[in-house]
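In what follows, chains are A, B, ... by sequence order, proteins preceding strands, each numbered from 1. Heavy-atom basis, side chains included; hydrogens, waters and symmetry copies ignored.
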Amino acid sequence: MSGERAQQRQARMLVLWCPDWPVVAASAAAGLPAHLPAAVFAANRVVACSAVARAAGVTRDMRRREAQSRCPEIAVLAEDPDRDARLFEPVAAAVEELVVGVEVVRPGLVAVPVSGAAGYFGGELRLVELLVDHVSGVAGVECQIGIADGLFAATLAAHRSSLVDPGCSAEFLAPLSVTELDQPGSERAELVDLLRRLGLRTLGAFAALPEKDVVSRFGSVGLLAHRLARGQDERPPHRRRPPPELSAGRSFDPPLERVDAAAFMAKTLAGRFHDGLASRGLACTRLGIYATTEHGEQLSRVWRCAEPLTPEGIADRVRWQFEGWLRAGEGVRPTAGVTRIRLEPEETVEGRSLQLGLWRGGAEPAPGQGGEHTPEAERAGRALVHVQGLLGPDSVFTAVTEGGRGPAERVRLVPWGDQRAPSPGHEASWPERLPGPSPATVFEEPVPAVVAGAEGEEVGITGRYQVTGVPRQVAIDGGPARRVVEWAGPWPVLGRWWAGDGAGTCARMQVVLEGEGPERPGGALLLRWQGNESPLWTVEGVYD
Amino acid sequence: MPGAVADLRAARSSSSPSFPGPGPGPGAGAGKTVARLASLPGVGTASAVAARDEHAQVTGRVLPVLPALEDLLPWGGLRRGSTIAVRGSTSLLLALLAEATAVGSWAAVVGLPRLGVVAAGELGVEVSRLALVPRPGADFAAAAAALLDGVDLVVTGPPGRFGGTQTARRLSARARHRGAVLLAFGSWPGADMELRCTSARWSGLEGGSGYLREREVVVDAVGRGAAARPTRATLLLPGPDGTVTATGSAAVRPGLSPPEEVKVG
């Protein structure tokens with residue numbers, strides 16, 4: 001009885017699910033087209049794979065070797081929850097444009113309470129259509145939507161793209177397998193395994209057990225799962241935003257039009273904002289700055305930072321943001337002064353994380369871990385954040401040296417503010433890597449080159465990685481041929497030899513070119529020979 | 001005007017105990033010249049300059065460089081507030097950053113998307129203190145100026161595409177004001193010093209076998225003020241251990257100084 005009453009009280013939820021989000025995000029970040037098979041791996045096991053890969057027989061939790069044996073052309077991508085979350089932000093924002101109260105359950109899955117929005121847009125079906133169109137139009141990703149009572153049922157409905165009638169969640173769930181209880185992040189694999197061995201194969205069979213028996217046999221974990229199986233919520237949904245009283249705002253009359261006035265205002269506003277958070281034991285790690293101009297234009301920018309913001313940090317960001325807005329070029333610049341500004345904590349952490357500052361100057365963390373607290377590091381950090389304010393968050397990088405063979409693949413650029421953890425394997429030995437020195441100039445787009453022998457005949461590399469002749473001249477990017485003084489190589493790299501286009505295999509060669517007068521001293525080049533069908537020489541780097 | 005500058009150089013080197021080199025002996029005529037020149041606004045005697053440099057060293061106004069490069073720079077390091085143009089070699093630019101970043105200074109590189117980070121690490125640069133702004137676009141000057149506020153060493157590409165001489169002078173002034181060092185890759189109008197890599201000889205390759213191992217380069221340093229005396233050094237960049245090794249340096253005769261006539265050794 002009580003269960004039925006609780007079910008009636010349950011919020012009707014709409015869940016928007018982007019299938020295989022880790023793969024979608026990783027492919028987007030790596031620039032892979034969607035029609036190629038790809039999978040995200042963590043600790044050598046598949047975390048998520050694309051539909052194409054799944055059709056080839058790749059499944060979750062499969063070992064990498066097995067996945068590659070079933071689908072040799074599969075792209076192996078690394079797991080990165082930060083990247084997933086960052087790329088999901090536009091999707092959540094797109095949903096938020098239509099519906100309020102968006103909760104990001106995990107990257108790839110958002111939940112919204114449906115009642116108000118469905119009424120406004122004229123029915124649930126209409127809302128679903130609108131959302132699918134809007135999300136694919138704005139964020140450019142495919143998604144599926146399900147509506148049901150309660151988050152769990154709505155999530156499963158989204159996996160099946162179905163709308164469950166009000167009050168029918170329990171019936172909807174009953175025929176489904178108990179393995180559905182083991183959603184990513186819930187850590188119920190053991191329980192599900194146990195239930196299956198006990199012969200409880202469907203959610204309905206599990207839900208039919210009396211609650212008190214479930215508690216006595218499976219404990220609190222079992223109770224939560226039992227509630228889900230009956231179509232009830234394990235907890236009321238948390239809204240994505242912290243309570244609004246944490247935000248701080250101020251109106252201006254006359255409107256703010258100068259940066260120095262904004263800087264002065266930023267100081268007091270930042271102090272008030274920080275005190276408000278601190279009184280609740282919170283500190284801000286993502287700060288939203290929202291401004292309204294006299295002509296009603298809305299400006300906004302969210303600042304992400306690795307460490308909780310101090311009042312000075314908040315004031316700096318507000319000032320820089322104003323600099324960015326008020327000093328922008330014609331056309332981008334707002335047409336009138338700012339009349340209202342609001343600071344919002346987009347993401348908060350327990351305030352005690354700030355207390356670490358007390359021990360500054362004590363134990364020095366190893367450089368490169370991003371945890372330096374020297375005055376130089378702090379000054380530099382502020383300058384870099386300032387540049388991010390001018391050019392956007394993805395304009396300032398620090399480099400992490402990685403594993404790999406070529407000079408370009410050994411470097412990964414990490415946007416300033418993100419964690420700079422080296423990926424596994426960066427200290428392993430890479431047998432086909434050339435010994436130092438490395439080229440001091442590395443081209444992002446390899447420059448085409450022509451390598452020729454003494455008589456002008458083109459020099460290539462045979463299938464057994466031997467040169468077809470002694471290289472005597474190199475012409476770079478269509479320029480005049482320059483004489484080769486010395487050369488060495490070729491050194492083959494036999495990575496990913498199974499890829500059809502020969503993308504992984506290549507050969508490298510070092511050549512020293514003759515100088516052309518005192519103004520242009522001779523230099524050394526790193527050349528690369530790549531491609532199966534029509535192989536080409538390119539200049540990968542210059543030792544200058 | 002070039003004649004006057006040559007006179008000035010001669011006067012400085014003649015009375016400087018710390019700059020041994022050929023020049024007119026310290027006679028009565030030279031002494032008078034020094035006194036006359038020193039009375040001009042903005043001109044100081046070499047001993048005063050040397051004393052000031054020593055003071056600067058002590059008060060941390062000079063960022064350290066690798067020992068092999070110390071002889072090239074009149075201050076024995078990178079003086080804060082100065083602008084130094086580096087031409088002809090990216091490795092030389094990176095080598096200048098090495099020691100300072102290793103002891104805790106930060107460096108930022110604006111508008112050089114092709115910089116080889118692996119090579120930087122091999123030359124001794126602490127890569128975790130190297131920030132990269134590869135594509136500043138039209139905001140080059142604003143980004144470089146913002147970086148000069150907080151970062152000790154700022155490396156930029158040539159200002160040509162971003163406003164030319166005007167931008168260059170503004171950024172140099174900003175560096176002077178903030179006590180940062182502006183290192184320009186390529187020519188830079190109004191630079192305090194210019195380091196030019198004129199010739200390079202690689203060794204290690206032999207008719208198809210071997211690897212690039214060492215490079216002998218000749219670096220010419222010319223500049224203004226305390227750096228007015230042209231210097232030339234022969235370096236191994238990289239040397240056998242991967243970093244920079246000095247093989248010899250020599251002061252170039254002031255006044256008449258065609259580089260070809262100078263013995264390097």
Side-chain angles (χ1 to χ4, degrees), chain A residues 320 327 329 367-370 372 374 376-384 386-387 389-391 395-401 407 410-411 413 416 420 434-444 467 470 485-489 510-512 515 518-524 526 541-544, chain B residues 88-91 93-94 104-108 110 113-123 126-139 142-143 146-152 197-215 217-218 238 242 259:
Chain A
W320 296 331
R327 294 211 173 136
Q369 301 305 307
E372 281 187 279
T374 57
E376 285 91 2
E378 270 169 34
R379 251 176 354 112
R382 281 160 53 114
L384 298 180
H386 189 173
V387 175
L390 292 168
L391 306 177
S395 61
V396 182
F397 302 93
T398 49
V400 180
T401 42
R410 286 176 62 186
V411 175
L413 297 183
W416 178 252
R420 23 171 309 152
L434 292 187
S438 302
T441 298
V442 179
F443 295 101
E444 297 158 286
V467 278
V470 177
V485 183
E486 270 299 358
W487 65 286
Q510 290 176 334
V511 293
V512 177
E519 279 304 302
R520 292 189 64 189
L526 178 63
V542 182
Y543 298 88
D544 68 339
Chain B
S89 170
T90 314
S91 310
L93 182 76
L94 294 172
S105 288
W106 276 70
V110 196
R114 293 170 176 178
L115 194 78
V117 178
V118 179
E122 286 169 358
L123 285 166
E126 176 56 57
V127 177
S128 67
R129 295 201 194 94
L130 183 71
L132 307 168
V133 186
R135 277 179 204 78
D139 289 322
L147 288 169
L148 285 169
D149 285 353
V151 180
D152 287 336
C197 191
T198 48
S199 84
R201 207 173 68 232
W202 276 100
S203 58
L205 302 190
E206 246 172 88
S209 61
Y211 292 98
L212 289 177
R213 211 173 306 125
E214 287 175 23
R215 176 174 60 162
V217 296
V218 177

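The side-chain heavy atoms of A:V485 and B:L205, taken from C-beta on, include no pair separated by under 4.5 Å. Proximity of B:P136 to A:L391: side-chain heavy atoms (C-beta onward) are separated by under 4.5 Å at one or more points.
Interface residue B:S209: only backbone heavy atoms are found under 4.5 Å from chain A. Interface residue A:P439: only backbone heavy atoms are found under 4.5 Å from chain B. At a 4.5 Å heavy-atom cutoff, the contact between B:P134 and chain A is made by backbone and side-chain atoms alike. In this structure, the portion of B:L130 lying under 4.5 Å from any heavy atom of chain A is its backbone and not its side chain. Only the side chain of A:L413 comes within less than 4.5 Å of a heavy atom of chain B; its backbone N, CA, C and O stay farther away. For B:R201, no part lies under 4.5 angstrom from a heavy atom of chain A.
Around atom CD of A:E444, more than 12 heavy atoms belonging to other residues, nucleotides or ligands sit under 6.0 Å away. Around atom CZ of A:R382, no more than 12 heavy atoms belonging to other residues, nucleotides or ligands sit under 6.0 Å away.
Ranked by heavy-atom pairs shorter than 4.5 Å toward chain A, the options B:P238, B:A142, B:P113 are led by B:P113. Ranked by non-hydrogen atom pairs under 4.5 Å with chain B, the options A:V470, A:D544, A:V442 are led by A:D544. Between chain B and the residues A:G381, A:P407, A:P437, the largest count of heavy-atom pairs under 4.5 Å involves A:P437. Heavy-atom pairs under 4.5 Å with chain A were tallied for B:V118, B:V127, B:D149, B:V110; the largest tally goes to B:V118. Heavy-atom pairs under 4.5 Å with chain A peak, among B:L147, B:L94, B:L148, B:V151, at B:L147. Across B:A143, B:G207, B:S89, the residue that shares the most heavy-atom pairs under 4.5 angstrom with chain A is B:G207.
The nearest pair of heavy atoms linking A:Y543 to B:R215 is O-NH1, 3.6 Å. Scanning all heavy atoms of the two residues, the minimum distance from A:L390 to B:D139 falls at O-OD2, 4.0 Å. Taking all atoms of both residues into account, the shortest heavy-atom contact from A:A383 to B:A146 is CB-O, 3.6 Å. Minimum interatomic distance between B:G210 and A:A488 (heavy atoms only, all atoms of both residues): O-CB, 3.3 Å.
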message: Under the criterion side-chain contact (heavy atoms from CB on, under 4.5 Å), I'd like the reasoning laid out for B:L212 against A:V512: C-alpha separation, chi angles, the key distance, then a yes or no.
response: CA-CA 9 Å; B:L212 289 177; A:V512 177; 3.8 Å; yes

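Between the side chain of A:T398 and the backbone N or O of B:A131 there is no donor-acceptor pair closer than 3.5 Å.
Note that OG1 of A:T441 and CG of B:L115 are 7.5 Å apart. Values are rounded to the nearest 0.5 Å.
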